[in-house]
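Take a look at the structure set out below.
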There are 2 protein chains.
Amino acid sequence: MKQANKKIFREFAAQKGLKSTRQRDAILDLFLSSDRHMSIEELYLKLRAKYPTIGYATVYRTLKLFAESGIAREIHFGDGQTRYEHVGRGEHHDHLVCTRCGAIVEFSNETIENLQEAVAEEHGFLIETHKLELYGICARCRK
Amino acid sequence: MKQANKKIFREFAAQKGLKSTRQRDAILDLFLSSDRHMSIEELYLKLRAKYPTIGYATVYRTLKLFAESGIAREIHFGDGQTRYEHVGRGEHHDHLVCTRCGAIVEFSNETIENLQEAVAEEHGFLIETHKLELYGICARCRK
DNA sequence: CAGCAATTGAAAGTGATTTTCACTATACAG
DNA sequence: CTGTATAGTGAAAATCACTTTCAATTGCTG
Ligand SMILES: [Mn+2]
Ligand SMILES: [Mn+2]
Ligand SMILES: [Zn+2]
Ligand SMILES: [Zn+2]
């Protein structure tokens, strides 16, 4: 997925007249090779290590571009910070979030998705997106 | 539910040594008799009408107490504002949110809830809470 | 290389929420 | 009823997570 997403972003950038900059490239590389759910702050701190002068604004702006291009998705787990996660073409998944250690497990359940559609239909809604998050204690923390 | 929740909060307040104040009572009455999903700002503005000197801080603090006591639940629909909704003893529901007009429809689906449990179990998680929100266009806005 | 638009980072600005603090109100003992 | 200890209040300042502004820099195109 990494190379595919790199290509998707390059194409997006090209047709939008975005320039290729040292910072943007560094952020893209870091994002694509990092943990799947990173907060801006985590990304910023890691970037600083290799690129001490990079600014918060640049990181924020760049991650928005990633989301716009379709290679990233913004997620909110209710801790006040925005996270970004990788998105593969046409992929979708939901999350289990450990309230103890913060671990995030991804899952996808076709049946649930279908039932969501059914519920929406009952109420005349046309679903655009949805959010399903299960919060609890992960296997590790339960031991 | 209104009287029941009033009683629940009174008991919570008593055992926590919270005092009964004019403001707290006003906020409780307004909250319990209002729309089921109110933002702090909406509550604040309505309160101001009857109680011109009430401060934002008091409203924020009081709603947190309501949540702590179990009569209210904090909800985040991604518009940057925290909302609070009524909670009845042992009740639970999820939401359909119209991205056009902001309408909120509540629903509950036993089958989905059971599948969530099954998913959690597969991953060794013990669910504490969950959030299921379906965003889309409501029946009215589709016409 | 010149010309110009896009990009960057520091710093100021936002908007929601929280904290601080001096003042006030409540509850409970006497 | 008081007097007191304590909790609560509201205005204003502080925080937090972003977002915008802007002057300086950089990438591209020709
Ligand atoms: Mn994920
Ligand atoms: Mn609701
Ligand atoms: Zn855990
Ligand atoms: Zn609508």
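If you're wondering where the values come from, they're calculated on a predicted model, not measured in any experiment. Below, chain A is the first sequence line, B the second, and so on; all start at residue 1.
For A/Gln81 and C/dT17, the CD to C1' distance is 16 Å, given to the nearest whole Å. The nearest whole Å value for the distance from the CG atom in B/Asp79 to the P atom in C/dA16 is 9 Å. Rounded to whole angstrom, the span from the CD atom of A/Gln15 across to the C1' atom of D/dC28 amounts to 18 Å. Note: CD (B/Glu42) to P (C/dT17) measures 12 Å, nearest angstrom. Rounded to whole Å, the distance from CG on B/Leu18 to P on D/dT9 is 10 Å. One can place CZ of B/Arg48 at 8 Å from P of D/dG10, the figure rounded to the nearest angstrom. Distance, B/Tyr44 OH to D/dA11 P: 7 Å, rounded to whole Å. In this structure, the CG atom of B/Asp25 is 12 Å from the P atom of D/dG8, given to the nearest Å.
Side-chain N/O atoms of B/Gln23 include one lying less than 4.0 angstrom from OP1 or OP2 on D/dG10. Residue B/Thr82 has no polar side-chain atom (N or O) positioned under 4.0 Å from OP1 or OP2 of C/dA16. A close approach under 4.0 Å does occur between a side-chain nitrogen or oxygen of A/Thr21 and OP1 or OP2 of C/dT8.
Checked against the 6.0 Å centroid threshold, A/Phe31 and A/Tyr84 do not count as a close aromatic pair.
Considering only side-chain atoms of B/Ser20, the nucleotide from D/dG10, C/dG9, C/dA27 that sits closest is C/dA27. With C/dG9, D/dG10, C/dT26 as the choices, the nucleotide that has an atom nearest any side-chain atom of B/Lys19 turns out to be C/dT26. When each of C/dG9, D/dC18, D/dG27 is scored by its nearest atom to the side-chain atoms of A/Arg22, the top-ranked nucleotide is D/dG27.
Nearest-nucleotide assignment on DNA chain D puts the 5′-proximal partner with B/Gly17, out of B/Pro52 and B/Gly17.
Heavy atoms from other residues, nucleotides or ligands lying under 6.0 Å from NZ of A/Lys46 number 12 at most.
For the contact set between residues 55-73 of chain A and DNA chain D, defined by any heavy atom under 4.0 Å, the members are A/Ala57, A/Tyr60, A/Arg61, A/Lys64.
Under the 4.5 Å side-chain heavy-atom criterion for Ile, Leu, Val, Met, Phe, Trp and Tyr, A/Leu132 and B/Leu126 are members of distinct hydrophobic clusters. Cluster membership for B/Met38 and B/Val87, using ILVMFWY side-chain heavy atoms within less than 4.5 angstrom, is not shared.
Residue B/Glu41 is out of contact with every strand shown, counting any heavy-atom pair closer than 4.0 Å. Residue-level contact check: A/Ile40 touches neither bases nor backbone, having no heavy atom under 4.0 Å from any strand.
Checking B/Lys131, B/Glu133, B/Glu85 one by one against B/His95, the side chain to side chain donor-acceptor pair (under 3.5 Å) holds for a single residue, B/Glu85.
Across B/Ile112 and B/Asn109, no two heavy atoms sit closer than the pair N-OD1, 2.8 Å.
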Subject >> From CA spacing to verdict: side chain to side chain contact (heavy atoms under 4.5 Å, CB included), B/Gln81, B/Glu42 >> reply: CA-CA 11 Å; B/Gln81 289 199 208; B/Glu42 287 165 343; over 6 Å; no
